[in-house]
Number of protein chains: 2
Amino acid sequence: MRRDIFQAIADPTRRAIIALIALQSMTPNAIAENFNTTRQAVSKHLRILAECELVKQQYQGREIFYSLEINKMKEIDKWLEQYRKIWDTRFNQLDKVLSTIKKNKK
Amino acid sequence: MRRDIFQAIADPTRRAIIALIALQSMTPNAIAENFNTTRQAVSKHLRILAECELVKQQYQGREIFYSLEINKMKEIDKWLEQYRKIWDTRFNQLDKVLSTIKKNKK
DNA sequence: AATTTGCGAAACCAAAAAGTTGCACATATA
DNA sequence: TATATGTGCAACTTTTTGGTTTCGCAAATT
């Protein structure tokens, strides 16, 4: 089961879980209350998220609090960077064209 | 078949295709040469990418040139934004802690 | 006109994924 | 100690996915 972060965020439930625990840590039961699936299904998603180090577990008695490993999210940002460069460039090109049009109008 | 952009970029081959056609448009055959799969498999990937408007097709005789719809990529960026805010905040908090430590050393 | 080339679509297959049910086990609580 | 609670794990089922093969069609080439 070779998971990567892109596969992890592909599932809409997992993205919802990420959003849920982004600000405060939660237990599997508390998370599952927000979905129409069983706790076990959520547990499976959490396991996948944990496998690619997107979430962190904190044991407290018999409860486990899951929280987002925000630094891991930067990997997506890093991947996006190459494309951000492209869309910035294209925007600048458009900008150039627009300013040329403006100039010619004068 | 409900496709979204996150599902589209989940597959490594599709991410490679995206990278390939990011700078110049290419035909399915030309794209397929870069992979160990058949042209038809690539064609299927292209169809998925087209379905969620990540690629644009340009017909030229019997050839079809595919190019990246870079604006669509911004959707990922937009989704990331909420988390970027979080990691910026946490970084600033860390920064605060570090400067406090520094101060106390003096 | 006959053949080659570039392409998408459909049918099929194997593997992976997502979900469910039924455990086992530890930690609380009575 | 007996019971309830919170959790992960394994087995199983269904759905989805990624791939191949085969086909048909249109545009080039001969």
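Please read all numbers here as calculations on a predicted model, not as lab measurements. What's counted below: heavy atoms across the whole structure, side chains too, no hydrogens, waters or symmetry copies. Letters go in sequence order (proteins before strands), and every chain restarts at 1.
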Under 3.5 Å, which N/O atoms of the protein pair with N/O atoms of nucleotides 25-30 of chain C?
from	atom 1	to	atom 2	distance (Å)
dT27(C)	O2	R62(A)	NH1	2.8

Strand contacts (DNA chain C) in residues 28-36 of chain B, 4.0 angstrom heavy-atom criterion:
P28(B), N29(B)
Whole angstrom value for the distance that separates C1' of dT14(D) from NZ of K44(A):
11 Å
Between I9(A) and W79(B), is there a side-chain heavy-atom distance shorter than 4.5 Å?
yes
S43(A) side chain near dT7(D) phosphate (N/O to OP1/OP2, under 4.0 Å)
no
Rounded distance (Å) that lies between atom P of dG19(D) and atom CZ of R47(B):
15 Å
Can you find a pair of side-chain heavy atoms, one from D77(B) and one from R84(B), that are under 4.5 Å apart?
yes
Taking C-beta and beyond as the side chain, do I18(A) and Y83(B) meet within less than 4.5 Å on heavy atoms?
yes
With a 4.0 Å cut-off on heavy atoms, is Y66(A) in touch with a base, just the backbone sugar-phosphate, or nothing at all?
sugar-phosphate
From CG of L46(A) over to P of dA17(C), roughly how many Å is that when rounded to an integer?
17 Å
Using a 6.0 Å cut-off, check whether atom CD of Q82(A) has over 12 heavy atoms from anything other than its own residue.
yes
Taking CG from D4(B) and C1' from dT16(D), how many angstroms apart are they, rounded to a whole number?
14 Å
Closest to the H45(B) side chain, choosing from dG18(D), dG19(C), dG6(D):
dG18(D)
Give me the distances for all protein-to-nucleotides 22-24 of chain C N/O pairs that come in under 3.5 Å?
from	atom 1	to	atom 2	distance (Å)
dG22(C)	O6	Q40(A)	NE2	2.9

Check whether any side-chain heavy atom of R39(B) sits under 4.5 Å from a side-chain heavy atom of I31(B), and report yes or no.
no
Here the gap from Y66(A) atom OH to I21(A) atom CD1, rounded to the nearest 0.5 Å, amounts to 9.5 Å
Nearest whole angstrom, please: distance from the P of dA16(C) to the CD of Q7(A).
11 Å
Heavy-atom check, side chain of I86(B) versus side chain of L23(A), under 4.5 Å:
yes
I'd like to check E53(A) versus K72(A) (side-chain heavy atoms, cut-off strictly below 4.5 Å). Are they in contact?
yes
Please report, rounded to the nearest Å, how far the P atom of dT16(D) is from the CZ atom of F6(B).
20 Å
Could you give the CG-to-P distance, from D11(B) to dG18(D), as a whole number of Å?
5 Å
Between dG6(C), dT20(C), dG18(D), spot the one nearest the side chain of I48(B), thanks.
dG18(D)
Given E63(A), Q60(A), E33(A), the one that forms side chain to side chain contact (heavy atoms under 4.5 Å, CB included) with T27(A):
E63(A)
Is the shortest heavy-atom distance from the side chain of L20(B) to the side chain of F35(B) under 4.5 Å?
yes
Between Q57(A) (CD) and dT7(D) (C1'), how many Å, whole number?
11 Å
Is any side-chain N or O of T27(B) closer than 4.0 Å to OP1 or OP2 of dC7(C)?
yes
Answer whether the closest heavy-atom distance between the side chains of R3(A) and L54(A) falls below 4.5 Å.
no
So, does R14(A) use its side chain to make a donor-acceptor pair with the main chain of A8(A) at under 3.5 Å?
yes
